[in-house]
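Single-structure report; data block below.
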Amino acid sequence: MLPLLTIAAVVLSTFAIGYYGSRAANTSRDFLVARRRVSSRQNAAAIAGEFLSASSFLGVAGLVMKNGPDQFWYAIGSTAGYLTLLLFVAAPLRRSGAYTLPDFAEARLGSRGLRVVATVVTIAIGYIYLIPQLQNAGLTLSMVIPQTPRWAGVMLVTGVIIVNVLGGGMRVITLVQAFQYWVKLFAIAAPAFVLFAVFFVDSSQGTRSGLTSAASPVFTANTTVTLDESVRVRVAEPVRLRASGTVDGHGVDGEVTWTAGAKDVAANTTLSFPAGATVPVVVGTVASNADWVRPQSGGKAALFNTYSVIFATFLGVLGLPHVLARFYTNPDGRSARRTTLHVLVLLGVFYLFPAILGALGRLYEPGLLTVGRTDATLLLLPSVMIPNVVGQVLGAIVAAGAFAAFMSTSSGLLVSLAGVIATDMSRGRVKDFRWFTVLVMIIPVSLALVLRPHDITLAVGMALAMAASTFCPVLVLGIWWRELTWVGAGIGMTVGGLLVAAAMTVTAISDYTGGWAPTLVQQPALLTVPLAFGTMIVVSKATSRRQPEDINRIMLRLHAPDPLGFVKDRDVLRFGEGRADGRHRRIRPRRWRARWSRA
Amino acid sequence: MTGDDGEPGAASQGATVRRPPRRKKVILAEAKGQRGLARTIVELEEQTSVGEHLVRTLVRAQLRTALMMTMLVVAGMTSLPMLFYLLPAFADFSVFGVRLSWVLLVLVPYPLMYGVGAWYVRRADRHEQDFVNMVDR
C-alpha cells in the first residue's frame with residue numbers, strides 16, 4: 001500500500017505543479033519570456049531532472065551489483081556527455097536557434113532531404129530510449145505492488161505523460177522537471193545514507209561480513225525466488241535447494257542438488273535456497289567476488305566493452321532529442337554554457353549513490369542475481385536490510401523516485417518526438433501536435449508490451465550508441481568544420497544508424513536464443529562512431545561543391561558572441577521588452593551592456 | 001493588443017481611479033551604443049575578408065580550447081580502464097581498506113569534470129570578449 005501512496009503523491013504533485021504553474025503563465029508572451037526568468041541553476045535542475053531516467057536511477061546500481069566497478073562508466077559517461085556538450089556544442093547550438101536536431105541539420109546544411117533522414121533517426125533514438133523506460137515502469141509496479149500485471153505500469157506511465165502533455169502542463173515543464181530532479185535525488189540519497197549506516201552497524205558488530213570475505217555471493221538468509229522470465233544460471237559450487245517448476249526441460253518438485261555447471265530454469269519456477277548456500281548467478285554476471293571488486297577483471301572483451309561504453313556515453317548524450325530541446329530554454333549561448341556547468345554538478349552528486357547501493361545489493365540481496373532482475377535491487381534493498389516499517393517507507397520512497405524517473409524522461413521524449421513529427425508531417429498547429437502526441441505513443445507502448453525486457457541501462461546504452469553514431473558527428477562537424485556537406489552528413493548518419501540498428505537486431509535475436517552475441521555487437525559504439533565520422537569527412541570532401549553558399553554567415557551566427565545579436569530567434573527577444581506595469585526591462589545581461597558602453 | 005497584455009494605455013483607459021503609468025527614464029547614451037552595434041553587425045554580415053578572418057580566428061581559438069580540455073579528460077579519466085587492465089596490482093591497490101580504483105571511479109571523475117568545464121567556460125567567455133572588443137574598434 002505504501003508505495004502506492006508515494007507514487008500517487010509524485011504523480012499528483014507533478015500535475016499540481018503543472019496546473020498551477022500553467023495558470024500563472026497563460027499568455028503566449030509569458031510562455032516565451034518565462035524561460036528568460038529561469039535562472040541557469042533552475043534550468044540545470046530541469047535538464048538533470050529530465051535526463052536522469054530509470055536507467056540512471058535503477059539500472060546503474062543493478063549493473064554495478066552484477067558486474068562491478070566497470071559499470072561506473074555508464075554514470076561517469078553520462079556526466080561526461082554533458083561535458084562534451086559544453087565543450088563542443090552548447091553555445092553554438094543555442095545560437096543556431098534550432099529547436100530540434102532536424103531543424104539544426106536543415107539550417108546548417110540547407111537540405112530538405114537531410115531533414116527527413118534526421119527526423120527518422122530522431123524517432124528511432126526516441127523509441128529505443130522510451131521502450132525500456134515503459135517496460136521498467138511495468139516491472140517496477142508489479143514488483144512494489146504484488147499481483148499487478150505488467151501492462152498496468154506501462155499504461156499508468158503512458159497515461160500520465162499523455163495527460164500531462166495534452167493538458168498544457170508542459171508550459172511550466174521547467175518547473176516540473178526541476179522538481180523531479182530533487183525528488184529523485186532525495187529518493188536515492190535518503191536510502192543510501194540509512195542503508196549504509198545499517199551496513200556499518202552490521203559490520204562493526206560482526207553480524208555481517210565484508211563483501212570480499214566470501215569467494216562468491218552467498219545467501220544470507222533462507223531465500224525463495226520465483227522467476228518471471230526463463231534464465232540460464234551458472235552454479236559455482238554444488239548447492240542443495242528446493243525447486244518447483246521446470247529445470248533443464250524436466251519438471252521438478254522437491255529437494256534437488258545442483259552440481260557446478262549451467263542450468264536452464266524456466267519461467268514461473270520457484271527455487272528455495274538455504275542460508276549460506278552459494279548463489280547461482282545468471283550467465284553474464286561476474287560470479288567471483290574477487291573479480292567483481294576489481295575493475296577490468298574481464299579481459300580484452302570487457303576492456304573493449306568499457307571503451308565502447310565510453311564512446312557511446314561521452315558522445316551520445318548530445319544527440320538525444322529531449323536533451324537538445326531543453327537547451328532552447330536558455331536565453332543565449334553564454335547562459336547555455338553556464339547551465340551545462342551546473343548540470344555537471346547535479347549529475348555528479350546524484351551518481352555518487354548508485355555505486356554504494358549496487359555494492360550493498362550484492363551483499364544483502366543476492367537472490368536477484370539468480371533471477372536476473374538486478375534492476376530491482378534498489379526497490380527491494382530497503383525492506384531486506386531493515387525488515388520493519390522504516391524499510392518499507394524507504395522502499396516506498398525509492399518507488400516514488402523511480403516513477404519520477406519514468407515520467408520525467410518519458411514526457412521529455414514524448415514532447416520532443418511529437419514536436420518533431422508534428423512540424424514535419426503536418427502544418428504544426430496545436431491541434432496537430434495533440435494528435436501526434438497520442439499517435440507517437442502507440443508503437444513504443446505496443447513494443448514495450450511485446451518485447452522481452454533487458455537490463456535497462458544496456459538498452460539505453462544502445463540509444464546512446466545510436467545518437468553517438470548519427471547526430472554527434474553531424475553536430476560536432478557541423479559546428480566546427482566548414483566543409484561538411486549535406487551529402488556527407490546524410491550518408492554518414494545512414495551508415496552509423498544502420499550499423500547500430502543491425503547490432504541491436506542481432507543482440508535482440510541472441511537474447512532469445514541463448515545470448516551468444518559478442519561484445520562488439522552488444523555495444524558497437526567503439527566501431528560505429530569512428531566509421532560515421534570517417535564517412536562524413538570523406539564524402540564531404542568528395543562533394544565539396546555542395547557546401548552551403550552562405551557558410552560564412554552560418555559560422556558567424558553559430559560562433560559570434562551573444563551581444564553582437566546574431567542569434568536567429570531575435571524576435572523572441574523582442575517579446576520581452578515591455579512589462580505589464582509599464583516599466584522597461586533589460587534584455588541583455590547588465591555586464592555585457594556595461595562593457596559595451598565603456599568600450 | 002489585448003487587455004491582458006498589460007499595455008499601459010489599456011490600463012489607464014479603463015479606470016480613471018488607477019494611477020498614471022510610471023515615468024520612464026530615457027538614456028541617450030545607450031542609443032549611441034546601439035548605433036555602434038548596428039554598424040559592426042553590418043560589417044560582419046557583409047562578409048568582408050577582414051570580417052571572415054575575424055570569425056575564423058575566433059572559431060579556431062574556441063576549438064583549440066575545447067580540444068585541449070578534451071585531452072585533459074582523456075589523459076585523466078579515459079586512460080583508467082587501460083591502466084587497470086595492464087596493471088592488475090594497481091586495480092587491486094587499497095589504502096586503509098578502501099580500494100583506490102573505486103575512489104578513482106566513484107569520487108574523482110565528477111570534480112575533475114566540473115573543474116575542466118569551469119575552466120573552459122572562463123576561457124570561452126574571454127575569447128568572446130576579445131572578439132567583441134576587436135570588432136568594436
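Proteins come first, then strands; the chains are lettered A, B, ... in the order of their sequence lines, and each starts at number 1. Fair warning: this is a prediction, and the values are worked out from it, not measured in the lab.
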Q | Test log, rule side-chain contact (heavy atoms from CB on, under 4.5 Å), inputs Leu80(B) and Gln296(A) | A | CA-CA 10 Å; Leu80(B) 282 177; Gln296(A) 301 307 327; over 6 Å; no

Q | Residue pair Tyr82(A), Met113(B): steps toward the side-chain contact (heavy atoms from CB on, under 4.5 Å) verdict | A | CA-CA 10 Å; Tyr82(A) 276 94; Met113(B) 286 190 275; over 6 Å; no

Q: Kindly indicate, with the supporting measurements, whether the criterion side-chain contact (heavy atoms from CB on, under 4.5 Å) is fulfilled by Arg482(A) and Arg56(B).
A: CA-CA 10 Å; Arg482(A) 290 164 173 261; Arg56(B) 274 182 195 266; 3.4 Å; yes

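Heavy atoms of other residues, nucleotides or ligands lying less than 6.0 angstrom from CZ of Phe196(A) number 12 at most.
Looking at Pro81(B), both its backbone and its side chain come within 4.5 Å of chain A, counting heavy atoms on both sides. Only the side chain of Leu58(B) has a heavy atom closer than 4.5 Å to any heavy atom of chain A. Heavy-atom distances place the side chain of Leu344(A), and not its backbone, under 4.5 Å from chain B. Only the side chain of Thr306(A) comes within less than 4.5 Å of a heavy atom in chain B; its backbone stays farther off. Contacts of Leu86(A) with chain B are made by both backbone and side-chain atoms, with heavy-atom separations under 4.5 Å. Both the backbone and the side chain of Ala75(A) come within contact range of chain B, judged by heavy atoms closer than 4.5 Å. Proximity to chain A (any heavy atom under 4.5 Å) is shown, for Phe84(B), by both the backbone and the side chain. Heavy atoms of Thr65(B) lying under 4.5 Å from chain A are absent altogether. For a residue to count as touching a neighbouring chain, one of its non-hydrogen atoms must lie under 4.5 Å from one of that chain's; by this rule Ile76(A) touches chain B with backbone and side chain alike. Heavy atoms of Tyr114(B) lying under 4.5 Å from chain A belong to its backbone as well as its side chain.
Taken to the nearest 0.5 Å, the CD atom of Gln62(B) stands 12.0 Å off from the CD1 atom of Ile479(A). The CH2 atom of Trp102(B) sits 10.0 Å away from atom CD1 of Ile356(A), with the distance rounded to the nearest 0.5 Å.
Counting all heavy atoms, side chain and backbone alike, Glu128(B) lies closest to His559(A) at OE2-O, 4.5 Å. Closest approach of Phe88(A) and Leu63(B) over heavy atoms only: CE2-CD1, 4.2 Å. Taking both residues in full, the closest heavy atoms of Pro88(B) and Arg294(A) are given as O-CD, 4.0 Å, listed atom of the first, atom of the second, then distance. The minimum heavy-atom distance linking Leu341(A) with Ala118(B) is given by the pair CD1-N, 3.3 Å. The nearest pair of heavy atoms linking Met77(B) to Phe314(A) is CE-CZ, 4.0 Å. Nearest approach of Tyr110(B) to Leu352(A), heavy atoms of both residues: CD1-CD2, 4.5 Å.
If you tally non-hydrogen atom pairs under 4.5 Å between each of Ser101(B), Ala91(B), Pro111(B) and chain A, the highest count goes to Ala91(B). Among the candidates Val73(B), Leu67(B), Val121(B), the residue making the largest number of heavy-atom pairs closer than 4.5 Å to chain A is Val121(B). Comparing Ser297(A), Pro69(A), Pro92(A), Gly68(A) by how many heavy-atom pairs each has under 4.5 Å with chain B, the most go to Pro69(A).
Tyr120(B) places no side-chain N or O within donor-acceptor distance of the main-chain N or O of Arg337(A), the cut-off being under 3.5 Å. Distance alone, capped at 3.5 Å, places no donor-acceptor pair between the Trp73(A) side chain and the Leu105(B) backbone.
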